[in-house]
Amino acid sequence: MVTILPEHELKQAWKFFTMDKSTLGKEEYFKALKNVGIVYNRAEMKEREESEKNDYSEADFLKDYHEKMKQLTKEELLKVFQEFDPESTGIIAYDVLHRALCTYGERLTKEETDRFMSLMKCKPKDQIQYNDLLDEIVKI
């Protein structure tokens, strides 16, 4: 799974990349993002290259990092759920979800899973549409 860097490490990385400057130019900025694990596809890079913005701040760096990590996390989680949904129904049983969470994430107790699912407004007997669940998780 993708490891999300803590905010203080991102800020230290920014200071390292900028060498005490307040902004980075476009090329250096994308190298800095790449060094913390953010990679853009061709379409995203083309859009950014065509952008008129040339100077990027620490706030831009933090915002872009977090936005991209949310996308990566959602895509990764979707792949996990799809592994537990061999028929591609988009639905996963509550107990199967518990198994998925324990297999690919923290080892959760049944009570911890129940609390998490309660926050997500799911009940133990529910069949969960995991795309809806992913949308809720990404909001957190």
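For the residue pair Tyr29/Asp60, the side-chain donor-acceptor check at 3.5 Å is not satisfied.
Using a 4.5 Å cut-off on side-chain heavy atoms (C-beta onward), Phe61 and Val36 make contact. Residues Thr18 and Leu24 have side chains in contact (heavy-atom distance under 4.5 Å, counting atoms from C-beta outward).
For Gln127, the side-chain contact (heavy atoms from CB on, under 4.5 Å) criterion is met by Ile91, Ala93, not counting sequence neighbours. With sequence neighbours excluded, the residues that form a side-chain contact (heavy atoms from CB on, under 4.5 Å) with Thr23 are Asp55. Among residues two or more places apart in sequence or in another chain, the side-chain contact (heavy atoms from CB on, under 4.5 Å) test is passed with Tyr40 by Phe30, Leu33, Ile38, Glu44, Met45, Arg48, Asp64, Lys68. The side-chain contact (heavy atoms from CB on, under 4.5 Å) test applied to Pro6 returns His8, Glu9, not counting sequence neighbours. Applying the side-chain hydrogen bond (donor to acceptor under 3.5 Å, both in side chains) test to Glu7 and every residue at least two apart in sequence or in another chain returns His66.
Under a cut-off of 6.0 angstrom, the local environment of NZ in Lys79 is sparse, with at most 12 non-hydrogen atoms contributed by other residues, nucleotides or ligands.
Evaluation of the salt bridge (charged side-chain N to carboxylate O under 4.0 Å, His left out) test over residues 11-29, restricted to residues two or more places apart or in two chains, returns Glu27-Lys31.
One finds the CG atom of Asn131 at 7.5 Å from the CD atom of Gln82 (value rounded to the nearest 0.5 Å). Here OH of Tyr56 is found 10.5 Å from NZ of Lys63. Values are rounded to the nearest 0.5 Å. Glu83 contributes atom CD, which lies 10.5 Å from atom CG of Leu78 (distance to the nearest 0.5 angstrom).
Between the side chain of Asp85 and the main chain of Gly90, a donor-acceptor pair closer than 3.5 Å is present.
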